[in-house]
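Atoms considered below: every heavy atom in the structure, side chains included; atoms not considered: hydrogens, waters and symmetry mates. Numbering of residues begins at 1 and proceeds along the displayed sequence. Please read these numbers as outputs of a predicted model, since none were measured by experiment.
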Amino acid sequence: MNKWHGKVKSPHGVMFSKLLGLAAHALAEAESKPEPKDLWQEPLDPAVSWTPCANQRSWETCEGNNGYILVSATGGINQQRVAICNAVAVARLLNSTLVIPHFSYNSVWKDKSQFSDIYQAEHFIDYLKADIRIVKELPVELRSLDLEAIGSLVTDDEVMKESKPSFYLKKILPILIKNSVVHFVGFGNRLAFDPIPFELQRLRCRCNFHALRFVDKIQETGALLVQRMRKHRSHSAPLEQNLLGAFAGKPDMTGLKNLPSKYLAVHLRFEIDMAAYSMCYFGGGKDEIEELEAYRAAHFPALTLLRKTKKIPSAAFLRSEGQCPLTPEEAVLMLAALGFKRRTNIYVAGAQIYGGKSRMAAMTSLYPNLVTKETLLSSSEIEPFRNFSSQLAALDFIACAAADAFAMTDSGSQLSSLVSGYRMYYGDGRLPTIRPNKRRLASIFSKNSTIEWKEFERRVRKAIRQTKQVFERPIARSVYRHPRCPECMCKINDTIALLS
Ligand SMILES: *[C@@H]1O[C@H](CO)[C@@H](O)[C@H](O)[C@H]1NC(C)=O
Ligand SMILES: *[C@@H]1O[C@H](CO)[C@@H](O)[C@H](O)[C@H]1NC(C)=O
Ligand SMILES: *[C@@H]1O[C@H](CO)[C@@H](O)[C@H](O)[C@H]1NC(C)=O
Ligand SMILES: *[C@@H]1O[C@H](CO)[C@@H](O)[C@H](O)[C@H]1NC(C)=O
């Protein structure tokens, strides 16, 4: 199967041909020069002073006597992860018992995997037993209840985004007490990040960073990806322990002749759903415009309607505002400008890249050592995952989380955001993430036909350097994405950090 297969007949237009030419030239010249020294680093001093501590608890377990909470989590695997940990916190808040979350079937991701196909259910129950009670199924006597009829079914429409704990105490607790069960349907980002009691916030982090471990099947194959990328060099024991469990650090005999190496993982969030949803234009002419419009009509009817009834911003305006997902060409230009050498080993995460092979051509010609899970694994190794997009996404999660450097192309992507939080938590200040500010990049790219390479390089580096700064989680931002906060990580006194 060819990963980059495109659905359209004519090749997609390539934007930025002049800059791509300059990049090829610059990469050839850079062969003999050293890499910029901060390329594979985080600003170490401030970053190492944060260490994981969400495993510490200072409360008694709760019996979970206030009824049962059922959750049907929608979206892809990463949205579901957020839903699980929010549900854990709500269960504790309400002193109720959590039933292992159910994953709803989603027409975009088309995957029937359930919780225990992805995560180790026993570990999840056991790790959190000092916090909440978790069971695999509802007790028999509650199973036959018509939850909708008795008012125990609560949909996403009835719970505001980022609801405060007081909402759950006022509106949900009475239902639990009356009916002994509440079923949340949806339930992604339905619990606020602030204000939340300290220990409850810490529990959310404990869930995300400690209680959720991938099943053996995923860990084993994820470990193959990491070993093949890294060629035997292992790092950060806690990260590998959590990510790969018993499969951490095992040598991969097929790669023995190769020297250890660093790798960069890039999450290209440029699938057709993203391209269509953005309402942007990507240089593919009439074919592209028609194809994306047809996709919107089929999958995002509300957007098509909006287009007909309201004046919405032009594609050019959206681009200038930094509202468009980075294309593979933009991503590769950014990497070249940052100073990644032509030989860099690059792991590309993502599903079917929109525009297929022709859209990837710029990237593969500038960086020939570019691989994906499909090219790293043999067909028999990947076969057990083929029909399971969530499990494939879990493999990408592992390869990105363990990479020496990670670049995202869309900060709104749930995979990128969870991976970057994971790297902060377990990375020991040594696993940098590149998060482009799309608005600034858009302004640099708008000069594409006149800008000199040196100037392009200088401006891109400056823009990225600013996003690498280490800071404490801003108020109301996700603890999964920004675990550098006292609830999730402890700050070592700077004096002590310097001595160690
Ligand atoms: C949950 O249990 C704790 C400790 O027993 C108690 O302080 C708290 O009020 C209870 N909360 C609810 C919502 O029942
Ligand atoms: C995947 O689906 C195809 C077609 O439905 C089926 O033939 C194949 O056995 C499935 N593979 C796995 C690993 O489930
Ligand atoms: C590339 O440069 C041209 C000419 O300056 C400009 O019109 C165009 O908008 C730029 N492309 C992008 C994607 O910014
Ligand atoms: C760090 O510890 C030293 C010695 O215990 C103390 O004097 C200093 O105030 C502490 N610094 C901070 C930022 O807490």
Taking all atoms of both residues into account, what is the closest heavy-atom pair of [X] and [Y], and its distance?
| X | Y | answer |
| --- | --- | --- |
| Ala407 | Leu264 | N-CD1, 4.2 Å |
| Arg435 | Thr467 | NH1-O, 2.9 Å |
| Phe300 | Ala276 | CE1-CB, 4.3 Å |
| Lys262 | Asp404 | CA-OD2, 3.3 Å |
| Val71 | Ala87 | CG2-CB, 3.6 Å |
| Tyr354 | Glu291 | OH-OE1, 2.7 Å |

TODO: Given side chain to side chain contact (heavy atoms under 4.5 Å, CB included), test Arg473 with Val479 step by step and report yes or no.
DONE: CA-CA 7 Å; Arg473 179 182 71 97; Val479 292; 3.6 Å; yes

[X] side chain to [Y] main-chain N or O, any donor-acceptor pair under 3.5 Å?
| X | Y | answer |
| --- | --- | --- |
| Tyr425 | Ala54 | yes |
| Glu330 | Thr327 | yes |
| Arg269 | Met408 | no |
| Thr372 | Glu374 | yes |
| Asp111 | Ser113 | yes |
| Arg133 | Asn95 | no |
| Asn179 | Ile150 | yes |
| Ser261 | Met229 | yes |
| Lys373 | Ala399 | no |
| Arg190 | Asp156 | yes |

Separation of [Y] [atom2] from [X] [atom1] (nearest 0.5 Å):
| X | Y | atom1 | atom2 | value |
| --- | --- | --- | --- | --- |
| His267 | Leu415 | NE2 | CG | 4.5 Å |
| Lys129 | Thr61 | NZ | OG1 | 9.5 Å |
| Leu191 | Glu162 | CG | CD | 8.5 Å |
| Asp194 | Gln201 | CG | CD | 6.0 Å |
| Leu303 | Ser278 | CG | OG | 9.5 Å |
| Ile69 | Phe184 | CD1 | CZ | 5.5 Å |

Task: Thiol sulfurs of Cys490 and Cys53 closer than 2.5 Å - done: yes

Open item on the list: So for atom NZ, which belongs to Lys164, do other residues, nucleotides or ligands contribute more than 12 heavy atoms lying within a distance under 6.0 Å?
Closed with: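 Check fails, neighbour count at 12 or below.
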
Task: More than 12 heavy atoms from other groups under 6.0 Å of CD on Glu381 - done: yes

Open item on the list: Testing Ile398, Val371, Leu377 one by one against Leu225 for a side-chain contact (heavy atoms from CB on, under 4.5 Å), which residue passes?
Closed with: Leu377

Flag the pair [X] / [Y] as yes when at least one side-chain heavy-atom distance between them is below 4.5 Å, and no otherwise.
| X | Y | result |
| --- | --- | --- |
| Met424 | Trp50 | no |
| Ser411 | Arg481 | yes |
| Phe397 | Ile77 | no |
| Asn345 | Arg230 | no |
| Val88 | Phe124 | yes |
| Pro486 | Lys491 | no |
| Met363 | Leu335 | yes |
| Phe406 | Leu431 | no |

TODO: Verify side chain to side chain contact (heavy atoms under 4.5 Å, CB included) between Ser390 and Ile118, making sure each step is shown before the conclusion.
DONE: CA-CA 8 Å; Ser390 292; Ile118 310 272; 3.8 Å; yes

Charged N to carboxylate O below 4.0 Å: is that the case for [X] and [Y]?
| X | Y | value |
| --- | --- | --- |
| Arg143 | Glu141 | no |
| Lys438 | Asp410 | yes |
| Lys136 | Glu122 | yes |

TODO: Walk me through it: do Leu392 and Ile382 pass the test side chain to side chain contact (heavy atoms under 4.5 Å, CB included)?
DONE: CA-CA 9 Å; Leu392 288 167; Ile382 204 164; 4.2 Å; yes

TODO: Can you run down the side-chain hydrogen bond (donor to acceptor under 3.5 Å, both in side chains) pairs that involve residues 80-93, sequence neighbours left out, and say none if there aren't any?
DONE: Arg81-Asn208, Asn86-Arg204, Asn86-Tyr480

Open item on the list: Looking only at side-chain N and O atoms, does Glu199 offer a donor or acceptor that is under 3.5 Å from a partner on Ser58?
Closed with: yes

TODO: Please determine, by modelled atom types, if Glu383 and Ser380 share a side-chain donor-acceptor pair under 3.5 angstrom.
DONE: no

- [ ] Take Ile100 and Ile134, measure what side chain to side chain contact (heavy atoms under 4.5 Å, CB included) needs, and give me the verdict at the end.
- [x] CA-CA 7 Å; Ile100 290 255; Ile134 303 174; 4.0 Å; yes

In terms of the angle between their ring planes, are [X] and [Y] parallel, tilted or perpendicular, with boundaries placed at 30° and 60°?
| X | Y | value |
| --- | --- | --- |
| Tyr347 | Tyr263 | perpendicular |
| Trp40 | Phe340 | perpendicular |
| Tyr119 | Phe214 | parallel |
| His482 | Phe471 | tilted |

- [ ] Apply salt bridge (charged side-chain N to carboxylate O under 4.0 Å, His left out) to Lys171 and Glu158, showing your working.
- [x] CA-CA 10 Å; Lys171 302 284 179 187; Glu158 299 162 64; over 6 Å; no

Open item on the list: Would Arg57 and Tyr127 count as a cation-pi pair here, with the cationic atom under 6.0 angstrom from the ring centre and within 45° of the axis?
Closed with: yes

Open item on the list: If the condition is disulfide bond (SG atoms under 2.5 Å apart), which residues does Cys280 pass it with, not counting sequence neighbours?
Closed with: Cys324

Open item on the list: Suppose we screen for ring pair (Phe, Tyr, Trp, His ring centres under 6.0 Å). Which residues come up paired with Phe167, at least two apart in sequence or across chains?
Closed with: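 Not a single residue meets the ring pair (Phe, Tyr, Trp, His ring centres under 6.0 Å) criterion with Phe167.
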
